[in-house]
Structures are given as structure tokens and as C-alpha cells.
Amino acid sequence: VCVCVCCRQRVRDKIARDRAERALKFGGGADSSSPPVEAVPSSSVPPVAQGAPPAKKDYDECRIQVRLLDGSALCAVFRCQEPLAAVRVYVQLNGGGPDEFSLLTPYPRRLFTEEDMEKPLTELGLVPSAVLVVAKK
């Protein structure tokens, strides 16, 4: 943390500009305890974003990390509309784990059922990325 005089003054100036902007925005006028401050545009202070928050991004791909029983991990990228069964097949082909296993998310803990295997990754909340854990059935 820098405590030099120039940094302190820069912070004081920013606080004063913020107070002036708030006073203009909310119509409260300037405080009687603080001196009037001119609004000085500064290139180092980014403009405040106003309006609605940005819309959620539509993802085409989903990055899935699968933790295997031996502690190793598989990472793969799937299309968002692929069913969870595609991840299961990928684990069966590349994981070398047990023949019968379940997939679950560690947090929030959710065990995926056979019905979930037909649902797309987007619908299961696994987009844009997720960690799945292999568990013995």
C-alpha cells in the first residue's frame, strides 16, 4: 500500500469527485462540510456503468472436468446441447474406471440420474464449465 503524499492527494481528489457526482446525480447538492469541487475529467477514473446489467452470454461449448476414482482428472470440451450421456461415454472410453458408475457435482451436491443422462448440458446447469465426480454405484 502506497502512502506517499501524491497518492493520498489523488485519493482525496477522487473522493471529492465522487461526492460531487453523487450530489449532481441525486440532487442533494453539495455538503456544507465539504468545499465545492469542480468536476475534473480524469483518464485514470473509468466511467461508472449505468443501466441494466449485461445480458447472459449464450455459450456454444462447455468445458467439463471429470475427477476419477483414482484422483486423476479428465478435461474435455463438449457442445452445450449434447446430453450428459456423451460425457458418460467419454469417461467410459478414456477413464479406465469401473463399468458401473454415477456422475455427480460436488457443490452443490447433485447425483445425476438416468433421466438426467438424456438432458442437454445447458439444462443441467453445467455450462459454461463444471466439475463432475465419478462415484461407484
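Index from 1, following the sequence.
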Measuring from atom [atom1] of [X] to atom [atom2] of [Y], what distance do you get when rounded to the nearest 0.5 angstrom?
| X | Y | atom1 | atom2 | answer |
| --- | --- | --- | --- | --- |
| R67 | L69 | CZ | CG | 13.0 Å |
| E100 | K136 | CD | NZ | 13.0 Å |
| C62 | L124 | SG | CG | 9.5 Å |
| R88 | L132 | CZ | CG | 11.5 Å |
| R10 | C4 | CZ | SG | 7.0 Å |
| M117 | S102 | CE | OG | 7.0 Å |

Test applied, side-chain contact (heavy atoms from CB on, under 4.5 Å); reference residue, L126; option that passes from V87, V131, L84 | L84
Hydrophobic cluster membership, [X] vs [Y], 4.5 Å side-chain cutoff:
| X | Y | value |
| --- | --- | --- |
| F78 | L68 | yes |
| V133 | V91 | no |
| Y90 | V66 | yes |

Taking atom CD of Q9 as the centre, does the number of heavy atoms from other residues, nucleotides or ligands within less than 6.0 Å exceed 12?
-> yes
So the ring-ring contact (aromatic ring centres under 6.0 Å, His included) pairs with at least one residue in residues 109-137 (sequence neighbours excluded) are none
Shortest non-hydrogen contact from [X] to [Y]?
| X | Y | value |
| --- | --- | --- |
| R109 | L104 | NH1-CD1, 3.6 Å |
| A73 | Q65 | CB-NE2, 3.9 Å |
| C80 | T122 | O-OG1, 3.1 Å |

Does R79 offer a backbone N or O that forms a donor-acceptor pair with the side chain of E82 under 3.5 Å?
-> yes
Salt-bridged, K14 to D18, with N to O below 4.0 Å?
-> yes
Any K57 side-chain heavy atom under 4.5 Å of Y59 side chain = yes
Close side-chain approach of I64 to V77, heavy-atom, < 4.5 Å = no
Residues at least two apart in sequence or cross-chain that pass salt bridge (Lys or Arg N to Asp or Glu O under 4.0 Å) with E114, listed by chain then number, are K137
Across all chains, not counting sequence neighbours, the salt bridge (Lys or Arg N to Asp or Glu O under 4.0 Å) partners of R110 are D116
